[in-house]
Visitor: 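Handing you this structure, nothing more for now.
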Amino acid sequence: MNPELERVLSLPALQAAPLLVGASLSVRGVGGRLVEVEAYDDMDPASHCYGGPRGRNLPMFLPGGHIYVYRSYGVHWCMNLVTGEQGKGEAVLLRGLEPTQGIPEMRSRRGDLPDQALARGPGNLTKALGVTDADNWLRLGGDIVLTLNCPLAKVVVARRIGLTVAIDEPRRFFEAGSKSVTHPSRI
DNA sequence: AGGATGATCATCT
DNA sequence: GATGATCATCCTG
């Protein structure tokens with residue numbers, strides 16, 4: 001993994017998240033540009049790692065560069081990039097991606113949708129990319145590759161979606177104007 | 001544009 | 001037994 005990416009992934013989630021908007025993610029040859037992410041850490045009562053390491057949250061306490069996948073509402077997989085130092089408990093939820101690679105394969109998994117909708121939303125993103133709990137605990141660099149791009153000029157920080165606590169915390173980062181962002185008007 | 005609903009299961013109490 | 005870091009669909013205005 002290149003040194004700059006290594007550095008970004010060693011940052012706290014709140015600092016790493018905006019730098020990951022615009023980065024390229026590829027999962028077994030299928031991927032695109034990340035356009036929406038959300039930071040979670042041990043100070044956040046909505047985070048799985050709140051209260052310390054136990055059960056399903058253990059991957060969040062690995063060093064930055066690992067993958068944390070969990071089941072949401074019994075129906076969807078959600079994928080996180082672990083950031084920060086080992087033992088801290090931080091991760092960035094991947095919420096939206098603009099497809100650039102393997103679009104026919106995404107369409108076969110998601111149905112006949114416009115490109116922009118294939119990986120919009122955390123559950124749809126994992127489905128389009130073929131990510132499941134088999135990818136939990138993995139480290140970037142094998143099946144899953146992340147490449148930083150030039151920092152984007154227009155990264156918006158917004159409130160969050162679908163939570164019952166700490167919903168107004170500004171922890172959701174997205175690219176202004178992208179059509180692969182959920183609730184773009186909810187700032 | 002926004003509110004209500006049900007699907008479905010790993011994890012937690 | 002209850003709870004969601006969601007989504008598609010159906011409604012209302």
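This one's a predicted model, so the numbers in the text were calculated from it and none came from an experiment. Every chain is numbered from 1 and lettered A, B, ... according to where its sequence line falls, protein lines coming before strand lines. What you see below is based on every heavy atom in this structure, not just the backbone, and it leaves out hydrogens, waters and symmetry mates.
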Visitor: Find which nucleotide of DNA chain B each of A:Tyr73 and A:Ser185 is nearest to by heavy atoms, and output the residue with the more 5' nucleotide.
Guide: A:Ser185
Visitor: Can you measure A:Arg120 atom CZ to C:dA5 atom P for me and round it to whole angstrom units?
Guide: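 In whole Å, C:dA5 P and A:Arg120 CZ are 22 Å from each other.
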Visitor: CG of A:Leu19 to CZ of A:Arg7: how many Å apart, nearest 0.5 Å?
Guide: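 It is 7.0 Å, given to the nearest 0.5 Å.
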Visitor: Would you say A:Val35 and A:Phe174 make side-chain contact, with heavy atoms under 4.5 Å?
Guide: no
Visitor: Just to confirm, is there a sub-4.0 Å distance from OP1 or OP2 of B:dT11 to any side-chain nitrogen or oxygen of A:Asn57?
Guide: no
Visitor: Hey, does A:Gly74 reach any base, or is it just sugar-phosphate, or nothing, if we go heavy atoms under 4.0 Å?
Guide: base
Visitor: Nearest whole Å is fine: how far is B:dA1 P from A:Ile187 CD1?
Guide: 13 Å
Visitor: Quick check: do A:Asp44 and A:Arg171 have side-chain heavy atoms less than 4.5 Å from each other?
Guide: yes
Visitor: Roughly how far apart, to the nearest Å, are B:dA10 and C:dA8 at atom C1'?
Guide: 22 Å
Visitor: A:Leu93 near the nucleic acid: base, sugar-phosphate alone, or nothing, with a heavy-atom cut-off under 4.0 Å?
Guide: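 If one applies the 4.0 Å heavy-atom cut-off, A:Leu93 turns out to touch a base.
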Visitor: Grab the OH-C1' distance between A:Tyr50 and B:dT11 for me, whole Å please.
Guide: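 Taking OH of A:Tyr50 and C1' of B:dT11, I get 19 Å after rounding.
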Visitor: Is the base of C:dA5 stacked against the aromatic ring of A:Tyr40, taking ring centres under 5.5 Å apart and planes under 30° as the test?
Guide: yes
Visitor: Pick base, sugar-phosphate or nothing for A:Met79, based on heavy-atom distances below 4.0 Å to the nucleic acid.
Guide: nothing
Visitor: Between C1' on C:dA5 and CD1 on A:Ile167, what's the gap in Å once rounded to a whole number?
Guide: 10 Å
Visitor: Let me know the distance between CG of A:Leu118 and P of C:dA8, rounded to the nearest Å.
Guide: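 Distance check: A:Leu118 CG to C:dA8 P gives 11 Å.
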Visitor: At 4.0 Å (heavy atoms only), tell me whether A:Arg186 reaches a base, stays on the sugar-phosphate, or touches nothing.
Guide: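 Counting heavy atoms under 4.0 Å across all strands, no contact is made by A:Arg186.
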Visitor: Where do A:Glu36 and A:Ser180 land on the side-chain hydrogen bond (donor to acceptor under 3.5 Å, both in side chains) test, with the steps shown first?
Guide: CA-CA 8 Å; A:Glu36 183 184 356; A:Ser180 298; over 6 Å; no
Visitor: Does some side-chain heavy atom of A:Arg110 sit less than 4.5 Å from a side-chain heavy atom of A:Asn124?
Guide: yes
Visitor: CZ of A:Arg56 versus C1' of B:dC9: gap in Å, rounded?
Guide: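 For the pair A:Arg56 CZ and B:dC9 C1', the rounded distance is 11 Å.
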Visitor: Which is it for A:His48 and A:Tyr40 under the ring-ring contact (aromatic ring centres under 6.0 Å, His included) test, yes or no, and what are the steps along the way?
Guide: CA-CA 8 Å; A:His48 292 168; A:Tyr40 285 89; 7.3 Å; no
Visitor: My understanding is that a pair needs two contacts under 3.5 Å, Watson-Crick or G-U wobble. By that rule, which nucleotide pairs with B:dA4?
Guide: C:dT9
Visitor: By the 4.0 Å heavy-atom rule, please label A:Asn124 as base, sugar-phosphate, or nothing.
Guide: sugar-phosphate
Visitor: Report yes if at least one side-chain N or O of A:Arg95 is closer than 4.0 Å to OP1 or OP2 of C:dT6; otherwise report no.
Guide: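 Yes, such a contact exists.
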Visitor: For the pair made of CZ in A:Arg172 and P in C:dA5, what is the distance, rounded to whole Å?
Guide: 15 Å
Visitor: Please state whether the phosphate of C:dA8, meaning OP1 or OP2, lies under 4.0 angstrom from any side-chain nitrogen or oxygen of A:Arg110.
Guide: yes
Visitor: As a test of reading the structure: which of B:dA10, B:dT8, C:dA5 is closest to the side chain of A:Tyr70, going by heavy atoms?
Guide: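 Out of B:dA10, B:dT8, C:dA5, the nucleotide with an atom closest to A:Tyr70's side chain is C:dA5.
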Visitor: Indicate whether OP1 or OP2 belonging to C:dC7 is found under 4.0 Å from a side-chain N or O atom of A:His76.
Guide: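 No, A:His76 has no side-chain N/O under 4.0 Å of OP1/OP2 on C:dC7.
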Visitor: Could you tell me how far apart A:Ile161 (CD1) and C:dT6 (C1') are, to the nearest whole angstrom?
Guide: 11 Å
